[in-house]
Number of protein chains: 2
Amino acid sequence: MAQRDNPARRGRLSRPRVLAAAVALVDREGLAALTMRRLAADLGVEPMALYRYTASKEALLDGLVEAFFAEVNERLRTSAEQARADSGAAPVEPPWRAELRRIARAFACVVHAHPEILPVVATRPLAVPVARRPQPWLQLTEHMLSVLGRAGFDDPTVLTIYRTFAAWTLGCLLVDKRQVVDDSEEPDLMLRLGLHRLPAADYPRLRALVPRFSEYDDERELMAGLDSLLSRLPEAPLDAFYGGGAP
Amino acid sequence: MAQRDNPARRGRLSRPRVLAAAVALVDREGLAALTMRRLAADLGVEPMALYRYTASKEALLDGLVEAFFAEVNERLRTSAEQARADSGAAPVEPPWRAELRRIARAFACVVHAHPEILPVVATRPLAVPVARRPQPWLQLTEHMLSVLGRAGFDDPTVLTIYRTFAAWTLGCLLVDKRQVVDDSEEPDLMLRLGLHRLPAADYPRLRALVPRFSEYDDERELMAGLDSLLSRLPEAPLDAFYGGGAP
DNA sequence: CAATGGGGTTTACGACGTCTACTGCGTATG
DNA sequence: CATACGCAGTAGACGTCGTAAACCCCATTG
């Protein structure tokens, strides 16, 4: 019946279109709203039609991760020339460090654009083995490994840097996005944070510090932490060219 | 009918019992197996009986987090006297650093005991506001904040250290537990990792490095990273007593 | 013009979370 | 000693979910 309503029913769907709709739905109404039926409705299609483009709902979640990293890669590409323009001004740090910083920033940026996807990005790799990760993830990882390799690090060190980077970036964003506000309608700060629920005798420091959570500068701390983590490492042979590391 | 079979049907359940059964079920068969019906069956009870002890399935997930941190706290308590015994031997580092290290170790330990719960612990705080977090989480956080406060740090610094610690610890464990093996039945290493799926031309470094993932020493890197993150911070006034920080 | 097959539909099934109504035991009360 | 109460668990039903199987229709191709 629906096929009569819409004469151009052929080729309405495609994997990119499905993934884009999924991301949009999750952005708009949260992860819990992502349902095969709901997503199909958004696309003006019967639920089973989606199964031509995704093997299962689990695979659809992996599709979210795919879309996420595709966007990270995209952002990296578009910010590449700008980075090249800046490179003449401050060549004090080795390019591999600048590149890691750039990637961390792009990652953070995409997380802020799609905060609801973060839990999926954080936890899906726990279930899907490396070789089955979505292509954009593989590309980004390959890129990082090759940048570090070209900087002259040996294999174990490359691995350490990569994992350190991934852990810190992911952990930071996860902690940044933790819910602190309780009742967002409430005008009074203490009540908005729900602190009246915390017995003052048991949690004095918590009550004192939670209101200051908003003062925290996420991106600054992300970068600062990255710096201290990387400064522990043995210098790459080629770093000497650039003044021997961060200022 | 079931009440005739079991004469002592009263008081079979309790919140701790329900949570323990949930943890056991998740440990045994994974998160996806955690179903109200299945959990009820494990407890020899009708599904709706669970709702006396948990408001919803979402609340049950928060219950998993509660059980998780209760176990962390428990492990901290039992390892306390051992730490006190060691303290005479190597008093070179300030107690707040030793305490953070101890907490990280306990956390990692519980994650290894219940790896399937990690995704819940990592992502639930994204949905539940601070003041509504389970009591064991509140206790642990209060403990950390108070230890840091007693060390002489001012409030913003306490917050920075706390968040840095949380981000790094969580990120590390998340990255450590990522699935790398594809087909665990396969004897050949390359095939077991599923690397034949990766086009050699596109992902040379990935193919070269993935086999070395197993060489990584998780706990060592966790502690090492923690050290470099904390060494960036301004020293606490009281650190002078202990030789001015880490060796 | 008949055969092919890809893209989307229809229908159906079982499992899930949870609402409402209930039932029977243990206890406290008169 | 009888009775009313309320807590803990049961019974059954409802709506929604993911998805398997069979189908149908249209565009292409020989």
Side-chain angles (χ1 to χ4, degrees), chain A residues 1-23 25-26 28-65 116 119-120 123-124 127-128, chain B residues 1-23 25-26 28-65 116 119-120 123-124 127-128:
Chain A
M1 43 180 66
Q3 65 256 27
R4 286 271 162 256
D5 305 352
N6 187 348
R9 56 184 274 277
R10 190 155 226 82
R12 267 173 303 174
L13 294 184
S14 68
R15 186 168 164 86
R17 220 187 291 279
V18 169
L19 293 189
V23 170
L25 175 55
V26 171
R28 218 178 330 115
E29 310 188 21
L31 247 191
L34 180 61
T35 285
M36 298 306 265
R37 298 168 131 93
R38 180 65 206 281
L39 178 57
D42 279 16
L43 287 161
V45 133
E46 296 303 311
M48 286 308 291
L50 300 176
Y51 285 85
R52 300 253 170 217
Y53 305 94
T54 189
S56 64
K57 175 153 188 202
E58 296 249 298
L60 180 63
L61 293 179
D62 293 333
L64 286 183
V65 177
E116 300 285 344
V120 186
T123 61
R124 279 267 90 201
V128 10
Chain B
M1 41 179 67
Q3 65 257 25
R4 286 272 163 251
D5 305 352
N6 186 347
R9 55 184 274 277
R10 189 158 229 81
R12 266 172 304 175
L13 294 184
S14 69
R15 184 167 166 87
R17 220 187 291 279
V18 169
L19 292 188
V23 170
L25 175 55
V26 171
R28 218 177 329 115
E29 310 188 22
L31 248 193
L34 180 61
T35 285
M36 298 306 266
R37 295 168 195 272
R38 180 65 206 282
L39 178 57
D42 279 16
L43 288 161
V45 134
E46 296 302 313
M48 286 308 292
L50 300 176
Y51 285 84
R52 299 254 172 219
Y53 305 95
T54 188
S56 65
K57 173 148 191 207
E58 295 249 299
L60 179 63
L61 293 180
D62 294 333
L64 286 184
V65 177
E116 301 284 344
V120 186
T123 61
R124 278 267 91 201
V128 9

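Heavy atoms only: backbone and side chains are in, while hydrogens, waters and symmetry mates are out. Each chain gets a letter, A, B and so on, in the order its sequence line appears, and its residues count up from 1.
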Q: Within less than 4.0 Å of OP1 or OP2 of dG9(D), is there a side-chain N or O belonging to Y53(B)?
A: yes
Q: How close or far is atom P of dC16(C) from atom CE of M36(A), stated in whole angstroms?
A: 18 Å
Q: Taking all atoms of both residues into account, what is the closest heavy-atom pair of A22(B) and L39(B), and its distance?
A: N-CD1, 3.6 Å
Q: Looking only at heavy atoms, which two atoms of P47(A) and A40(A) are closest? And how far apart?
A: CA-CB, 3.4 Å
Q: So, does R17(B) get its side chain near the phosphate of dA8(D), meaning an N or O under 4.0 Å from OP1 or OP2?
A: no
Q: Which nucleotide in the set dT18(C), dT19(D), dG8(C) lies at the smallest distance from any side-chain heavy atom of L13(A)?
A: dG8(C)
Q: Considering all heavy atoms of both residues, which atom of T123(B) and which atom of P119(B) are nearest to each other, and what is their separation?
A: OG1-O, 2.8 Å
Q: Rounded to the nearest angstrom, tell me the gap between atom CG in L34(A) and atom P in dC17(D).
A: 11 Å
Q: State which of dG17(C), dG8(C), dT9(C) makes the closest approach to the side chain of E46(A).
A: dT9(C)
Q: V45(A) or R37(A): which one's nearest nucleotide on DNA chain C is closer to the 5' end?
A: V45(A)
Q: Among dG17(C), dA8(D), dT10(C), find the nucleotide with the atom closest to the side chain of M48(A).
A: dT10(C)
Q: Tell me: CG of L60(B) to C1' of dG17(C), nearest whole Å?
A: 12 Å
Q: Looking at the side chain of A49(A), which of dT9(C), dG17(C), dT19(D) is the nearest nucleotide?
A: dT9(C)
Q: Please tell me which of K57(A) and R52(A) maps to the more 5' nucleotide of DNA chain D, matching each residue to the nucleotide holding its nearest heavy atom.
A: K57(A)
Q: Tell me whether E58(B) is salt-bridged to R124(B), with the criterion being a basic N under 4.0 Å from an acidic carboxylate O.
A: yes
